[in-house]
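Only one structure is covered here, and it is reproduced in the block below.
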Amino acid sequence: YPTGTGNVALGNQALDDGSLSGDNNTSIGSDSLSANTTGSENTAIGGNALKLNLTGRYNVAVGHNTLDANTTGGCNTGLGRVSLSSNTTGANNTAVGYQSLYSNTTASNNTAVGFCALVSNSTGTANVAVGCGVLLDATTADNNTAIGLGAAANTTTGGCNTVVGMGALNINTTGYLNVAIGCGALNANTTACWNTAVGSPSLSTNTTGQQNVAMGHDSLDDNTTGSCNTASGVSSLAKNTTGSLNNAFGFKALCANTTGDSNIAVGFESLRSNTTAAGNSALGYEALEANTTGGVNTAMGYRALKSNTT
C-alpha cells in the first residue's frame with residue numbers, strides 16, 4: 001500500500017502506483033504521475049502529465065502529455081501541451097509553450113519559451129531560446145542564446161552563438177561562436193564562425209566568411225565570403241563581398257569596396273568609392289573619398305587625397 005504523505009490526486013489513475021512512498025506530490029488529471037514511486041514534491045496538472053515519473057523530484061508539468069516520459073529527471077518545469085514530452089532523465093529544464101523542448105531526452109539546463117522553441121533538441125545543453133520557432137532545428141548544439149522570432153532557427157549543431165533579433169542567424173547550421181544582434185543580422189550565415197554583427201541588417205548575406213566584425217546599420221551587409229574585416233559605422237564596408245582584412249571606421253567608410261583587401265579607412269566617408277583597390281590607408285574626413293582602384297596610398301588629414309581615383 002502507498003506510504004507517502006501529503007499527496008493530492010484527482011483523476012483516473014492519478015498517483016495510482018501501489019508502492020508510492022514519495023511525499024507532497026500534486027496530481028490532477030487522468031494518468032498524471034501514475035507511475036510515481038519515490039519522487040516527491042512534483043506537480044502534474046493535465047492528462048498524462050509526468051505519467052512515467054518514478055523518482056524524479058521537484059518537477060512541474062502543466063498541460064496534456066507534458067513531461068509524460070520523464071522517469072528520474074528533476075527540477076524541470078514544463079508549461080504547455082507536450083512540452084518536454086520526450087524528457088527522461090534531463091534536469092533543470094524550463095519549457096514554456098506548445099512543443100517547447102519536445103524532443104529533449106537527457107539534456108539539462110535548457111530554457112525554451114515560445115511555440116516550438118528548441119523543439120528538436122535532444123541532448124544539447126545550456127541553451128536559451130525565447131520566441132516562436134527559436135533554435136527550431138537545434139539537436140545537439142550547446143550554449144546558444146537566441147531571442148526573437150525565428151532566431152537561429154536552422155542551427156543544428158553550432159554552439160556558443162548569441163542571437164538577438166527576428167530572423168537573426170536564422171539559416172545557420174553548424175557555425176559557432178557568432179554574435180548577431182539586430183533584425184536579419186548574419187541572416188545568411190551557414191557554417192562560418194567567429195563573426196560579430198550588431199545592427200540591422202549587418203552581415204546579412206555572409207555565408208562562410210569568418211572573423212568579421214560589423215557594427216552599424218548595413219555594415220558589411222553584402223559580405224559573403226570575405227574574412228577578417230572590421231566595419232564600424234552606418235554602411236561601412238556595405239558593398240564588400242569577398243574582400244578581406246579591411247578596417248573601416250565611420251559613416252560610409254569603404255562603403256563601395258567589393259573585393260579590395262587590406263585597406264584602412266578611418267573617418268566620415270573615407271575611401272568611400274574604393275571598389276577593388278588594396279593596401280590603402282585613409283585617416284580623416286573624406287580622405288581618399290573618390291579613390292576607386294588606386295592602391296597602396298596613404299592619406300592623413302581633412303579631405304586628404306580626396307580627388308585621387310586610380
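Since this is a predicted model, take the numbers as computed values, not measurements.
- Note that the OG atom of Ser83 and the CG atom of Leu67 stand 6.5 Å from one another [nearest 0.5 Å].
- Contacts of Arg81 classified as side chain to side chain contact (heavy atoms under 4.5 Å, CB included), with partners at least two apart in sequence or in another chain: His64, Tyr98.
- Partners of Val96 under the side chain to side chain contact (heavy atoms under 4.5 Å, CB included) rule, at least two apart in sequence or in another chain, are Leu79, Thr94, Val113.
- Residue Phe251 belongs to a hydrophobic cluster whose other members are Val234, Phe268, Tyr285, Tyr302, with links defined by side-chain heavy atoms closer than 4.5 Å.
- Between atom CZ of residue Arg272 and atom SG of residue Cys255 there is a gap of 5.0 Å, rounded to the nearest 0.5 Å.
- The CG atom of Leu271 lies 9.5 Å from the CG atom of Leu237; values are rounded to the nearest 0.5 Å.
- Between Asn280 and Val296, every side-chain heavy-atom pair lies at or beyond the 4.5 Å cut-off.
- Using a distance-only test at 3.5 Å, with no hydrogens or angles considered, no donor-acceptor pair links the side chain of Asn42 to the main chain of Leu33.
- Here Asp16 pairs with nothing under the salt bridge (charged side-chain N to carboxylate O under 4.0 Å, His left out) rule; sequence neighbours left out.
- Hydrophobic clustering (side-chain heavy atoms under 4.5 Å, transitive across Ile, Leu, Val, Met, Phe, Trp, Tyr) keeps Val134 apart from Val119.
- Residues that satisfy the side chain to side chain contact (heavy atoms under 4.5 Å, CB included) test with Ser219, not counting sequence neighbours, are Ser202, Ala214, Ala231, Ser236.
- Thr276 places a side-chain heavy atom less than 4.5 Å from the side chain of Thr258.
- In this structure, the side chain of Thr66 engages the main chain of Gly80 through a donor-acceptor pair within 3.5 Å.
- Side-chain contact between Asn187 and Asn170 is present, with heavy atoms from C-beta onward closer than 4.5 Å.
- Checked by atom type, the side-chain pair Asn25/Ser27 shows no donor-acceptor distance below 3.5 Å.
- Remark: side-chain polar atoms of Asn178 are paired, donor with acceptor, to backbone N or O of Asn195 under 3.5 angstrom.
- Residue pairs that meet the ring-ring contact (aromatic ring centres under 6.0 Å, His included) test with at least one member in residues 116-144, sequence neighbours left out, do not exist here.
- Among all heavy-atom pairs drawn from Ala112 and Ala117, the shortest one is CB-O, 3.6 Å.
- At distances below 3.5 Å, not a single donor-acceptor pair connects side-chain atoms of Ser227 with backbone N or O atoms of Ser244.
- Taken to the nearest 0.5 Å, the CG atom of Asn24 stands 5.5 Å off from the CD atom of Glu41.
- Checking Asn172 against Thr155 by side-chain atom types alone, a donor-acceptor pair falls below 3.5 Å.
- Asn246 places no side-chain N or O within donor-acceptor distance of the main-chain N or O of Asn229, the cut-off being under 3.5 Å.
- Heavy-atom minimum distance, Gly175 versus Cys193: CA-SG, 4.1 Å.
- Residue Asn206 is tested with Asn223, Asp221, Thr224, Leu220 for a side chain to side chain contact (heavy atoms under 4.5 Å, CB included); the sole match is Asn223.
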Next item on the list: Might you work through the side-chain contact (heavy atoms from CB on, under 4.5 Å) test for Leu20 and Asn7, ending with a clear yes or no?
Entry: CA-CA 10 Å; Leu20 174 66; Asn7 294 295; 3.8 Å; yes
Next item on the list: Evaluate side-chain contact (heavy atoms from CB on, under 4.5 Å) for Thr139 paired with Asn121, printing each intermediate quantity in order.
Entry: CA-CA 4 Å; Thr139 52; Asn121 190 73; over 6 Å; no
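- Transitive grouping of hydrophobic side chains (ILVMFWY, heavy atoms separated by less than 4.5 Å) brings Leu203 and Leu169 into a common cluster.
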Next item on the list: Determine, step by step, whether Thr111 and Asn127 satisfy the side-chain contact (heavy atoms from CB on, under 4.5 Å) criterion, reporting the C-alpha distance in whole Å, the side-chain angles of both residues, the deciding distance to 0.1 Å, and the verdict.
Entry: CA-CA 6 Å; Thr111 300; Asn127 296 292; over 6 Å; no
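- The minimum heavy-atom distance between Gly267 and Ser270, with the atom names listed, is O-OG, 2.8 Å.
- Thr292 places a side-chain heavy atom less than 4.5 Å from the side chain of Thr310.
- Looking at Asn48, its side chain never comes within 3.5 Å of a backbone N or O of Lys51 through a donor-acceptor pair.
- Hydrophobic clustering (side-chain heavy atoms under 4.5 Å, transitive across Ile, Leu, Val, Met, Phe, Trp, Tyr) keeps Leu118 apart from Val163.
- Shortest non-hydrogen contact noted between Cys75 and Asn59 is N-OD1, 3.4 Å.
- Under a hydrophobic clustering in which Ile, Leu, Val, Met, Phe, Trp and Tyr are joined whenever their side-chain heavy atoms come within less than 4.5 Å, directly or via other members, Phe115 and Val82 fall into the same cluster.
- Between the CG atom in Leu50 and the CG atom in Asn53 there is a gap of 5.0 Å [rounded to 0.5 Å].
- Side-chain atoms of Asn76 come within 3.5 Å of backbone atoms of Gly90 as a donor-acceptor pair (strictly under, hydrogens ignored).
- Scanning for side-chain hydrogen bond (donor to acceptor under 3.5 Å, both in side chains) contacts around Gln210 gives an empty result, with sequence neighbours left out.
- Met166 belongs to a hydrophobic cluster whose remaining members, ordered by chain and number, are Leu149; membership requires side-chain heavy atoms of ILVMFWY residues under 4.5 Å apart, directly or through intermediates.
- Between the side chain of Ser235 and the backbone N or O of Asp218, no donor-acceptor pair lies under 3.5 Å.
- Side-chain N or O atoms of Ser108 include one that pairs as donor or acceptor with a backbone N or O of Ala91 at under 3.5 Å.
- Leu305 and Leu254 fall within the same hydrophobic cluster, defined by Ile, Leu, Val, Met, Phe, Trp and Tyr side-chain heavy atoms under 4.5 Å apart, directly or through other members.
- Side-chain contact between Asn308 and Leu288 is present, with at least one heavy-atom pair separated by less than 4.5 Å.
- Panel note: side chain Thr37, backbone Leu54; a donor-acceptor pair is recorded below 3.5 Å.
- Sorted by first and then second residue, the ring-ring contact (aromatic ring centres under 6.0 Å, His included) pairs involving residues 123-155 (not counting sequence neighbours) form an empty list.
- Residues Asn70 and Leu52 form no side-chain contact, since every pair of their non-hydrogen atoms from C-beta on lies 4.5 Å or further apart.
- To the nearest 0.5 angstrom, Asn247 atom CG is 5.5 Å from Ile264 atom CD1.
- Side-chain atoms of Ser85 and Asp68 form a donor-acceptor pair, as typed in the model, at a separation below 3.5 Å.
- You'll find the side chain of Thr123 stays beyond 4.5 Å of the side chain of Thr125, heavy atoms only.
- Remark: the Asn36 side chain and the Asp17 side chain contain no N/O donor-acceptor pair separated by less than 3.5 Å.
- Of the residues listed (Asn263, Thr259, Asn257), the one engaging Asn240 in a side chain to side chain donor-acceptor pair (under 3.5 Å) is Asn257, and it is the only one.
- Members clustered with Trp194: Tyr176, Leu177, by chain and number, using a 4.5 Å side-chain heavy-atom cutoff among hydrophobic residues.
- Residues meeting the ring pair (Phe, Tyr, Trp, His ring centres under 6.0 Å) test with Tyr58, sequence neighbours left out: none.
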Checklist line | Stepwise side-chain contact (heavy atoms from CB on, under 4.5 Å) check, Asn291 with Asn297 | finding: CA-CA 9 Å; Asn291 193 78; Asn297 296 291; 3.7 Å; yes
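- Remark: Lys306 pairs with Glu286, Glu289 by the salt bridge (charged side-chain N to carboxylate O under 4.0 Å, His left out) rule, at least two apart or across chains.
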